[in-house]
Every structure is written in C-alpha cells, then in structure tokens.
Amino acid sequence: MNTRTWGWLAAVIDVVLIVVFALIGRSSHGEGNSALGVWTTAYPFLAGWAIAYVTSGAWSRPLRFWPTGVVAWILTVFVGMAIRVATGQGDVDGNPLPISFVIVATIVLGVFLLGWRAVVRGILRLRAPRSRQDAAATDA
C-alpha cells in the first residue's frame, strides 16, 4: 500500500477507535448508545483528533509513533477534555473534570491510537523482505 492509502486507512481506524472509546464509556455508565448520544460523547475527542491529524502531517506518515501517533493521542485527549469542560459534559458532583476520567481516557486513547500502529508496524516488519530488514537494521 502507498502512503496515501495508509493515510486514509489510518484516519478511518483512528476515528472508529475514538467512537469505540465513546461507546465503551457510555455503556460502562449505563447510558444509551443512540447516535446522538454517541456523537455528543465522541465529538470533543474527534475535534482534538482532527486538529492533531492536520498539525502533525499524519497523512504523510500515518504509521509513525512520533509525531503522528503521539500528537494524535495528546491532542485528542487535551482538546477533548477542554471541549467537555467548556460544554458542561461529564460534570460529576460539581467537578467539571474528574481526574479518574482524565486518567482512563488518556490510557485508553493511548492504547487505541498508538496500539494499532504498533501492531501494524510489527506485522509490516515481519512481512518485509529480509534484505530490507537488514538494510533497515544497519541504518538504525
């Protein structure tokens, strides 16, 4: 696959995983999974991801941990949390940003956004011709 195809595929995978994160969160709190409910939960994080995708140049290096994966992860969490606070989402007993949610969201989104890249990179390395692996090893 070429870089352009990986760029589109990476975007789709990231977006799907952010929506899965929202679905898991809503389900774990006994909230319904209507399209509007899932959108309300997911859009702050999707906005953060979109900013990250553009600012990191992710389309040109979609499988890289740095800057693509790390920037996508950090901005997805940071912007997502900022939008949630600004819109009053997730307020628990007057606390607009429960630390437990920040920790869980940071870990889960990190595993999602970096994890699939690690798996794909590992598979691609295993499938690469031996000569390319040897060349890559000497370049490192």
Rounded to the nearest 0.5 Å, what's the gap from [atom1] on [X] to [atom2] on [Y]? Could you check?
{"X": "Arg117", "Y": "Arg64", "atom1": "CZ", "atom2": "CZ", "value": "11.5 Å"}
{"X": "Leu75", "Y": "Leu109", "atom1": "CG", "atom2": "CG", "value": "12.0 Å"}
{"X": "Ser28", "Y": "Leu23", "atom1": "OG", "atom2": "CG", "value": "11.0 Å"}

When clusters are formed by joining ILVMFWY residues with side-chain heavy atoms under 4.5 Å apart, either directly or through shared neighbours, do [X] and [Y] land in the same one?
{"X": "Trp8", "Y": "Val16", "answer": "no"}
{"X": "Ile123", "Y": "Leu17", "answer": "no"}
{"X": "Trp39", "Y": "Val12", "answer": "yes"}
{"X": "Trp6", "Y": "Val119", "answer": "no"}
{"X": "Val54", "Y": "Leu9", "answer": "no"}

(request) Locate the shortest heavy-atom distance separating Ala22 from Ala42; write the atom from each residue and the value. (result) CB-CB, 3.8 Å

(request) List the atom of Ser60, the atom of Pro62, and the distance in Å for their closest heavy-atom pair. (result)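 It is C-CD, 3.6 Å.
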
Would you find more than 12 non-hydrogen atoms of other residues, nucleotides or ligands less than 6.0 Å from [X] atom [atom1]?
{"X": "Asp93", "atom1": "CG", "result": "no"}
{"X": "Phe78", "atom1": "CZ", "result": "no"}
{"X": "Arg121", "atom1": "CZ", "result": "yes"}

(request) May I have the step-by-step check of side chain to side chain contact (heavy atoms under 4.5 Å, CB included) for Val77 and Phe45, ending in yes or no? (result) CA-CA 6 Å; Val77 172; Phe45 300 101; 5.5 Å; no

Ignoring hydrogens and geometry, is there a side-chain-to-backbone donor-acceptor pair from [X] to [Y] under 3.5 Å?
{"X": "Thr68", "Y": "Arg61", "value": "yes"}
{"X": "Arg26", "Y": "Thr41", "value": "no"}
{"X": "Trp73", "Y": "Thr106", "value": "yes"}
{"X": "Ser27", "Y": "Ile24", "value": "no"}

(request) Kindly say whether the aromatic ring centers of Tyr53 and Trp49 come within a distance under 6.0 Å. (result)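 Between Tyr53 and Trp49, the centre distance is under 6.0 Å.
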
(request) For the residue pair Val120 and Ile13, establish whether any side-chain heavy-atom pair is separated by less than 4.5 Å. (result) no

(request) Using a 4.5 Å cut-off on heavy atoms from C-beta on, say whether the side chain of Pro44 contacts that of Val79. (result)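 They are not in contact (no side-chain heavy atoms under 4.5 Å apart), so the answer is no.
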
(request) Please lay out, stage by stage, how Ile18 and Phe112 fare under the test side chain to side chain contact (heavy atoms under 4.5 Å, CB included). (result) CA-CA 8 Å; Ile18 292 167; Phe112 279 6; over 6 Å; no

